Amino acid sequence: MAERFTKSMARNIYLGGSAFFVLLFLALTFDTQVRAMPERDNRDQLTEQVVRGKHLWEENNCVGCHSLMGEGAYFAPELANVFDRRGGGDSEVFKSYLKAWMNAMPTNVPGRRQMPDFGLTDEEIEDLAAFLEWTSKIDDNNWPPNIEG
Amino acid sequence: MKYESQRVAMPYFIFALILFAGQILFGLILGLQYVVGDFLFPEIPFNVARMVHTNLLIVWLLFGFMGATYYLVPEEAQTELHSPLLAKILFWVFAAAGTLTILGYLFVDYATLADVTMNKLLPTMGREFLEQPTITKIGIAVVVVAFLYNIGMTALKGRKTVVNIVLMTGLVGLAVLWLFSFYNPGNLTQDKYFWWFVVHLWVEGVWELIMGAILAYVLIKLTGVDREVIEKWLYVIIAMALITGIIGTGHHFFWIGPPDYWLWLGSVFSALEPLPFFMMVLFAFNMINRRRRNHPNKAAMLWAMGTSVMAFLGAGVWGFLHTLAPVNYYTHGSQITAAHGHMAFYGAYVMIVLTIISYAMPIMRGRPYGNSNTAQILEMWGFWLMTIAMVFITLFLTGAGILQIWLQRIPESGEALSFMATQDNISLFYWMRLVAGCFFMAGLLVYFGSFFIKGQASPAEEVRGPAIDNP
């Protein structure tokens, strides 16, 4: 770097640049959260049951194996679209599918990846189903590319 | 070592390295579970092992950053640490809290852990990397605030160097952003959006300030290049990091709900995120070329060069590979992400901590010019084994990811393979990754071995000539 580019110029770029982009980021966050998201996350359907399902999702550390909207672990299938993949987009079909699935775990097939038995009640499985159904309806710019997630 | 209180860094470094070993052990368990699905089931299910692997990483890096800070801030400020006693107390508090949390993961069912730690009162658990019980999260916040007080008082009473100011800024940012880990709304899209305020703005934001400051400090010590030159570089690097990295957060907002303007913003700004890392490579190699003395701690010099190159490859190149929205549409949440994560964390944050350890540990052990030649050679073997193993882990995961996308993501619904069928098809890559992981563990053991060799290096040849301030 040539001498005419001084340390104080570098410091001013750092201070000015980061201040500007912090403010821009806050403004964009405001726009995203206040203006845009209510139209995209169908929050009018965010029921108590969905929130209970989210807490079940968290308290059993589902994200430790699965991904949800592509985030989490990559050991087990994506679940943001499992409502469409396994439930065919029908709430009742999905609930009965999820109950059957959860109660069949673990498969104990030797050498296969195993999902623990979390001992959830039927009501809790319905909460979880409601959460996954609500999640599947978020406007996520059409991700994933196909039904397999 | 100029100030006796710098020595409080020692337990932080040692404990960090112990946790590092635990992290790698659980990495191997995970690697085996990828191919032998029921390995250790139901005793240690995959999600538990993964939580231990990632949380150990985060905690040991924090120990490393704290150790680095305790070591370099007093020397930069030219004064003793405000309270060495507080630093020692915080060490034991943090070590106990960290150990209890990991033992909790291993020996208590996660739902039970959530229950007994009263997660219901303030639910924060069960989110990737933020799995810690709320009480542990509060503990981390308290430890970090007390740590910042101790360091802040030290920095304020002494000489205010750019290294100290940048390091403090990074650490304060780390603490402030941690507060978002307590925000967990019932709306998943909001939860995810602000979750990234911790995760992205740490590793692609304020942690880069911490890394830059530590690298600058070590380069000042090793090369003897004029501080003014190094500080100017540091400002430019962190300016680039924040200018690109803050809006670059948008590359995580593509597919989790936020509006589509983030597709553009995230792509453009995160495509520039390799710049600060590239500048770090130029910085490290330039300073070393213009060194005014030949420091006898060659191993520390190797780590300093290595961290800049591997951070650029892992965070910069592997990040860029899948950061543009049209590419990320296919790669998001695939093994490509895992490949990038591994090399980026190793290159940027593991290696910068090992750099400062390599420089500071011998000094604290009464070897001011570094370890003996034999010890340094062994340490460099550890460096190469771990680094090359990590390159192969990354390449194999990238291979797995490309195949996964080809089989599972690219075909139309109906023709694409299911997730599990795809995993079966790419298992060869997982086996090779596991072999590379074993080499990494071997490298780590060699590295540990280097600490047990006695003797020390002799003084440097000293001045090589004046630093010329032209490229």
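If you're wondering where the values come from, they're calculated on a predicted model, not measured in any experiment. Here is the naming used below: chain letters follow the sequence lines, and residue numbers restart at 1 for every chain.
- In terms of heavy-atom pairs under 4.5 angstrom with chain B, the leader among A:I13, A:L46, A:T29 is A:T29.
- Nearest heavy-atom pair across B:H332 and A:M69 is NE2-O, 2.8 Å.
- Contacts with chain A were tallied for B:E412, B:E231, B:E415, B:M240; B:E231 has the most, counting heavy-atom pairs under 4.5 Å.
- Interface residue A:V22: backbone and side-chain heavy atoms are both found under 4.5 Å from chain B.
- Using modelled atom types, one finds no donor on one side chain facing an acceptor on the other under 3.5 Å when comparing A:E58 with B:N119.
- Using a 4.5 Å cut-off between heavy atoms, A:R43 touches chain B through its side chain atoms alone.
- Between B:P259 and A:R40, the closest side-chain pair of non-hydrogen atoms falls below 4.5 Å.
- Between the side chain of A:H55 and the backbone N or O of B:G186, no donor-acceptor pair lies under 3.5 Å.
- For B:D191, the part lying near chain A is the side chain, with the backbone staying farther off; criterion is any non-hydrogen pair under 4.5 Å.
- Annotation: maximal heavy-atom pairing with chain A below 4.5 Å, among B:E131, B:M51, B:K192, occurs at B:K192.
- The heavy-atom pair separating A:W143 from B:W255 by the smallest distance is CB-CB, 3.6 Å.
- With a 4.5 angstrom heavy-atom cutoff, A:T32 touches chain B via backbone and side-chain atoms both.
- Evaluated for a side chain to side chain contact (heavy atoms under 4.5 Å, CB included) with A:F21, the options B:T244, B:I247, B:L242 yield exactly one hit, B:I247.
- Using a 4.0 Å cut-off between charged nitrogen and carboxylate oxygen, B:D424 and A:R113 do not count as a salt-bridge pair.
- Here the side chains of A:W134 and B:N187 are in contact, with some heavy-atom distance below 4.5 Å.
- Between chain A and the options B:R50, B:Q33, B:Q335, the largest number of non-hydrogen pairs under 4.5 Å is found for B:R50.
- Both the backbone and the side chain of A:D31 come within contact range of chain B, each with at least one heavy atom under 4.5 Å from a heavy atom of that chain.
- Note: B:F253 and A:F25 have parallel aromatic rings, judged against thresholds of 30 and 60 degrees for the angle between ring planes.
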**Message:** The test is side chain to side chain contact (heavy atoms under 4.5 Å, CB included); show your working for A:Y74 and B:L397 and say whether it passes.
**Reply:** CA-CA 12 Å; A:Y74 320 118; B:L397 286 177; over 6 Å; no

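- The choice from B:V35, B:D260, B:I237 that makes the most heavy-atom pairs within less than 4.5 Å of chain A is B:D260.
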**Request:** Would you sort out whether A:R85 and B:F419 count as a side chain to side chain contact (heavy atoms under 4.5 Å, CB included), showing the intermediate values?
**Result:** CA-CA 12 Å; A:R85 186 166 62 243; B:F419 177 88; over 6 Å; no

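- Proximity to chain B involves both the backbone and the side chain of A:N60, based on heavy atoms less than 4.5 angstrom apart.
- A:L68 touches chain B through backbone and side chain together, each having a heavy atom under 4.5 Å away.
- Note that the CG atom of A:N61 and the CZ atom of B:R127 stand 12.0 Å from one another [nearest 0.5 Å].
- Going from atom CG of A:N146 over to atom CZ of B:R409 covers 8.0 Å, rounded to the nearest 0.5 Å.
- Distance CE/A:M37 to OH/B:Y193: 8.5 Å, rounded to 0.5 Å.
- Expressed to the nearest 0.5 Å, how far CD1 of B:I246 lies from CG of A:L26 amounts to 9.0 Å.
- Ring orientation note: the planes of A:F75 and B:F46 are close to parallel, at an angle under 30° on the 30°/60° scale.
- The candidate with the highest count of non-hydrogen atom pairs below 4.5 Å against chain B, out of A:V51, A:I147, A:D41, is A:D41.
- The part of A:Q33 that comes within reach of chain B is its side chain, from C-beta onward, which places non-hydrogen atoms under 4.5 angstrom from that chain.
- Considering only heavy-atom pairs separated by less than 4.5 Å from chain B, the leading option among A:V109, A:L28, A:N108 is A:L28.
- Checked for salt-bridge contact, B:K120 and A:E59 meet the test: a charged N lies under 4.0 Å from a carboxylate O.
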**Request:** List the steps and the verdict of side chain to side chain contact (heavy atoms under 4.5 Å, CB included) for A:F118 and B:Y110.
**Result:** CA-CA 10 Å; A:F118 293 100; B:Y110 192 73; over 6 Å; no

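- Distance CD1/A:I138 to CG/B:L188: 5.0 Å, rounded to 0.5 Å.
- Atom CG of A:N141 is separated from atom OH of B:Y329 by 9.0 Å, given to the nearest 0.5 angstrom.
- Both the backbone and the side chain of A:N142 come within less than 4.5 Å of a heavy atom in chain B.
- Annotation: A:M105, atom CE; neighbour count of heavy atoms from other residues, nucleotides and ligands within 6.0 Å is above 12.
- Of the listed residues (A:G16, A:A76, A:A80, A:P110), the one with the most heavy-atom contacts under 4.5 Å to chain B is A:A76.
- Contacts of A:L15 with chain B are absent, with no heavy-atom separation under 4.5 Å from either backbone or side chain.
- B:K232 contributes no side-chain N or O that, together with a main-chain N or O of A:M9, makes up a donor-acceptor pair within less than 3.5 Å.
- Chain B forms more heavy-atom pairs under 4.5 Å with one residue of A:P77, A:G119, A:A36, A:S18 than with any other, namely A:P77.
- Ranked by heavy-atom pairs shorter than 4.5 Å toward chain A, the options B:L113, B:T249, B:L30, B:T54 are led by B:T249.
- Between the side chains of A:S8 and B:Y235, not a single donor N or O lies within less than 3.5 Å of an accepting N or O.
- For chain A, the option among B:D38, B:L234, B:N184 with the highest count of heavy-atom pairs below 4.5 Å is B:D38.
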**Asked** Can you list the steps and then say if B:V162 with A:R11 is a side chain to side chain contact (heavy atoms under 4.5 Å, CB included)?
**Response** CA-CA 10 Å; B:V162 174; A:R11 186 186 59 219; over 6 Å; no

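- For the set A:G149, A:G17, A:P144, the entry with the most heavy-atom pairs within less than 4.5 Å of chain B is A:G149.
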